[in-house]
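All of these numbers come straight from a predicted model, not from anything done at the bench. A note on names: the letters A, B, ... follow the listed sequences, proteins ahead of strands, and every chain is numbered from 1. Hydrogens, waters and symmetry mates play no part in the numbers below; they use all other heavy atoms, side chains included.
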Protein chains: 2
Amino acid sequence: MAEANISDLIEQYLKEILSQDEITEIKRSEIASRFAVVPSQINYVINTRFTLQNGYIVESKRGGGGYIRIEHVDLVDDTKIFDELIDYIGDSIGNNNADQIITALLEDKVVSEREANLMVAAIDKNSLRISDKVSENTVRARVLVGMINRLRFESTNIHG
Amino acid sequence: MAEANISDLIEQYLKEILSQDEITEIKRSEIASRFAVVPSQINYVINTRFTLQNGYIVESKRGGGGYIRIEHVDLVDDTKIFDELIDYIGDSIGNNNADQIITALLEDKVVSEREANLMVAAIDKNSLRISDKVSENTVRARVLVGMINRLRFESTNIHG
DNA sequence: ATAATATTAGTCAGGAATGGTCAAATTATG
DNA sequence: CATAATTTGACCATTCCTGACTAATATTAT
């Protein structure tokens with residue numbers, strides 16, 4: 001597809017590196033100049049694409065010999081991360097963030113694609129839309145219908 | 001006899017593209033100017049003609065390099081059971097009735113046990129509890145945590 | 001040791017480029 | 001005529017990109 005954003009390209013570049021090693025250390029200024037962007041854009045990419053809900057842990061150090069270390073964590077093996085994930089969700093979460101979490105669960109094979117699709121359908125914003133009139137049973141109907149509609153389609157994507 | 005309105009023409013145009021590729025990415029403003037309509041009419045066309053029930057999955061992103069992605073997916077062979085269930089559910093359904101529907105899907109082997117458990121967790125009455133100050137994101141957090149906890153409660157392995 | 005300087009990375013706010021929502025106005029349909 | 005579908009526009013939300021300023025750490029000078 002059309003990955004028009006530089007941020008997307010930087011993301012791809014970093015994930016390419018991480019597909020070979022579970023952990024990598026980069027120099028912010030080096031990546032920035034490689035893609036001809038200001039250094040702070042690297043922070044932007046990391047903050048929007050390499051978060052815990054995406055399955056990454058990031059550490060850094062400033063000063064001479066400074067670095068940014070990105071580690072891909074395996075949700076299956078790390079119960080503690082799992083706890084932190086639920087902790088992160090807390091009392092409130094938006095549709096996009098929730099989708100990211102489910103994507104991370106899928107990529108780490110905690111759930112199958114069919115299961116992930118059901119989860120995405122369950123937390124869809126159209127289903128959970130709340131107005132004055134809605135009752136619990138109204139929302140339940142929408143959530144259930146949303147999940148059933150998801151089942152109407154074959155799983156098309158890869159990831160298996 | 002139905003005179004083709006602009007929305008119909010836009011629909012045809014998009015479906016023409018989708019007849020060649022299963023998936024396409026458009027720029028809302030580009031399509032809008034091509035047909036000389038306001039951008040939000042593209043949303044109207046998508047919301048009325050490219051729905052899940054019709055076999056389309058739509059995703060979008062805003063901001064620079066934003067897009068609307070439309071994917072056409074194939075219906076599974078036996079769709080009758082879904083229609084009937086959705087018809088039965090209607091606009092409102094209680095926890096027990098919903099559980100029964102999910103059990104029926106499980107017994108018919110439409111869903112696996114893990115999938116059924118996820119669905120049950122999603123429509124749990126504690127998750128969908130609605131009071132005066134709940135927001136959409138509040139309910140979403142409860143639904144998502146409920147499903148994740150269900151996954152932990154079982155084995156966290158897809159093949160387990 | 002301590003201070004000064006150099007070398008990193010982090011934060012934040014703003015502007016630009018998208019797409020989304022909602023309801024009023026208009027048009028088509030039965 | 002009554003209702004549903006379409007069309008429009010004002011306003012909102014999100015994402016990306018930049019740069020000025022800040023913070024932390026290492027190195028060098030005194």
Student: Take the protein atom CG of A:N97 and the nucleotide atom C1' of D:dT15, then report the distance between them rounded to whole Å.
Tutor: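 Whole-Å distance recorded here is 13 Å.
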Student: Is it true that A:R152 and B:D83 have a side-chain N and a carboxylate O under 4.0 angstrom from each other?
Tutor: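 Salt bridge present between A:R152 and B:D83.
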Student: Which pairs pass side-chain hydrogen bond (donor to acceptor under 3.5 Å, both in side chains) with one or both residues in residues 28-38 of chain B, sequence neighbours excluded?
Tutor: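 Sorted result for residues 28-38 of chain B: B:Y13-B:R34, B:R28-B:N43.
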Student: Between A:D8 and B:K61, is the closest basic N to carboxylate O distance under 4.0 Å?
Tutor: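 Counted as a salt bridge, because a side-chain N and a carboxylate O are separated by less than 4.0 Å.
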Student: Reckon A:N96 has a side-chain N or O less than 4.0 Å from the OP1 or OP2 of D:dT15?
Tutor: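 Looking at the OP1 and OP2 atoms of D:dT15, one of them is under 4.0 Å from a side-chain N or O of A:N96.
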Student: Within a 6.0 Å radius of atom CG on B:D91, are there more than 12 heavy atoms belonging to other residues, nucleotides or ligands?
Tutor: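 Open: at most 12 neighbouring heavy atoms sit under 6.0 Å from CG of B:D91.
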Student: Check A:R114 with B:E115, please: is the shortest side-chain N to carboxylate O separation under 4.0 Å?
Tutor: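 Salt bridge: yes.
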Student: When you check every protein heavy atom under 4.0 Å of nucleotides 7-20 of chain C, what one-letter string (B, S, -) results, 5' to 3'?
Tutor: BBBBB-----BBBB
Student: Just call it for B:I42: base, sugar-phosphate, or nothing, with non-hydrogen atoms closer than 4.0 Å on any strand.
Tutor: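 B:I42: no heavy atom of the nucleic acid under 4.0 Å.
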Student: Roughly how many Å is it from CG in A:N126 to C1' in C:dT21, rounded to a whole number?
Tutor: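 So the two atoms are 11 Å apart, to the nearest Å.
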Student: Measure the distance from CG on B:N5 to P on C:dT26 and round it to the nearest whole Å.
Tutor: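 So the CG-P distance, B:N5 to C:dT26, works out to 18 Å.
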Student: May I ask you to say what A:R49 touches in the nucleic acid, namely base, sugar-phosphate or nothing, with a heavy-atom cut-off under 4.0 Å?
Tutor: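 If one applies the 4.0 Å heavy-atom cut-off, A:R49 turns out to touch the sugar-phosphate alone, with no base involved.
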Student: Would you kindly give the CD-to-C1' distance between A:Q100 and D:dT15, to the nearest whole Å?
Tutor: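 In whole Å, D:dT15 C1' and A:Q100 CD are 12 Å from each other.
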Student: If you pin B:Y44 and B:V38 to their nearest nucleotides in DNA chain D, which one's is more 5'?
Tutor: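 Result of the comparison: B:Y44.
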Student: Please determine whether a side-chain nitrogen or oxygen atom of B:S7 lies at a distance below 4.0 Å from atom OP1 or OP2 of D:dA5.
Tutor: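 Looking at the OP1 and OP2 atoms of D:dA5, neither is under 4.0 Å from any side-chain N or O of B:S7.
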Student: Could you tell me which residues satisfy ring-ring contact (aromatic ring centres under 6.0 Å, His included) with A:Y56, sequence neighbours excluded, listed by chain and number?
Tutor: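 A:F50, A:H72.
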Student: Give the rounded distance in Å between these two atoms: CZ of A:F35 and P of D:dC16.
Tutor: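 Value for this atom pair: 15 Å.
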